[in-house]
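No hydrogens, no waters, no symmetry mates; every other heavy atom, side chains included, goes into these values. Throughout, numbering of the chain's residues begins at 1 and tracks the sequence.
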Amino acid sequence: MVCMMSQTKQAKVLSEVQIRTTLQYLSTTRNSLRDTAILLLSVRGACRAKEISAVNWKMITDPEGNIGDVIALEDVASKGKGGRIIPLNKELKAALTELKVFAETKMTDRGFPFDLGSNVISSERGARMSPNSIAHWFKRLYANLGFDGCSSHSGRRTAITKWAKNTSRAGGSLRDVQELAGHSSLAMTQRYIQSDTEAKRKLVDMG
């Protein structure tokens, strides 16, 4: 099984079947709740390895401490300036809710209060996973699944491409995709989007 080819040497885009295959695989891992959240932050939230590493519970919870409706990435977590707001995909929100319950229970069992300032993604020892560790995690994952040419950036490209394809149905534009992706220019966003030969054929036929 291989990822869909891009026209450049960028990280390859994942198909929905591959995403489901990966989620099934991650459900069997030692840290399945955390691992599932890592993948979904990438393929549903278009988060970079740096952002996955830096996001903490405060960035995704409401004033009552419950998982909210957005990821409010701060400057420290985002590559660009000013951070960005990413609405939470339903599947990602469910995964983060489950992971938070697990994290809270773990801290309670150890006799410590749960800290909303702690990182969402951490190692088995509770330490923050570095961006490099996240990138290597993805590299090992896709290698184990035989997804040649995929990397930590594959999920981000996958999400951005999907948003771009669905933007007209949502009543939006590529400018909305640009803001979700946190790109400084529309040209950068367009470079992330994988073209679709079949879609181009249909567009021409519609004329």
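- Ion pairing between Glu16 and Arg20 holds under the 4.0 Å rule for side-chain N and carboxylate O.
- Across Thr105, Val120, Leu116, a single residue satisfies side chain to side chain contact (heavy atoms under 4.5 Å, CB included) together with Lys100, and that is Leu116.
- Looking only at side-chain heavy atoms (C-beta outward), Asn31 and Ser123 stay at 4.5 Å or farther from each other.
- Cluster annotation: Leu186 and Ile160 are assigned to the same hydrophobic cluster (Ile/Leu/Val/Met/Phe/Trp/Tyr, side-chain heavy-atom contacts under 4.5 Å, transitive).
- Using modelled atom types, one finds no donor on one side chain facing an acceptor on the other under 3.5 Å when comparing Ser122 with Arg34.
- Residues Gln178 and Leu174 fail the side-chain proximity criterion, which asks for heavy atoms closer than 4.5 Å.
- Using a 4.5 Å cut-off on side-chain heavy atoms (C-beta onward), Ile52 and Phe138 make contact.
- In summary, Glu74 and Lys58 do not engage in a salt bridge, as defined by a charged side-chain N under 4.0 Å from a carboxylate O.
- Ion pairing of Asp69 with Lys93 is present here, as a side-chain N (NZ or NE/NH1/NH2) and a carboxylate O approach within less than 4.0 Å.
- Proximity of Thr158 to Gln18: side-chain heavy atoms (C-beta onward) are nowhere separated by under 4.5 Å.
- Using a 4.5 Å heavy-atom cutoff, the side chains of Thr61 and Ile67 are in contact.
- When the options Leu73, Leu92, Val70 are evaluated for a side chain to side chain contact (heavy atoms under 4.5 Å, CB included) with Ile86, the one that passes is Leu73.
- When the shell of 6.0 Å around CZ of Phe114 is examined, it contains more than 12 heavy atoms from other residues, nucleotides or ligands.
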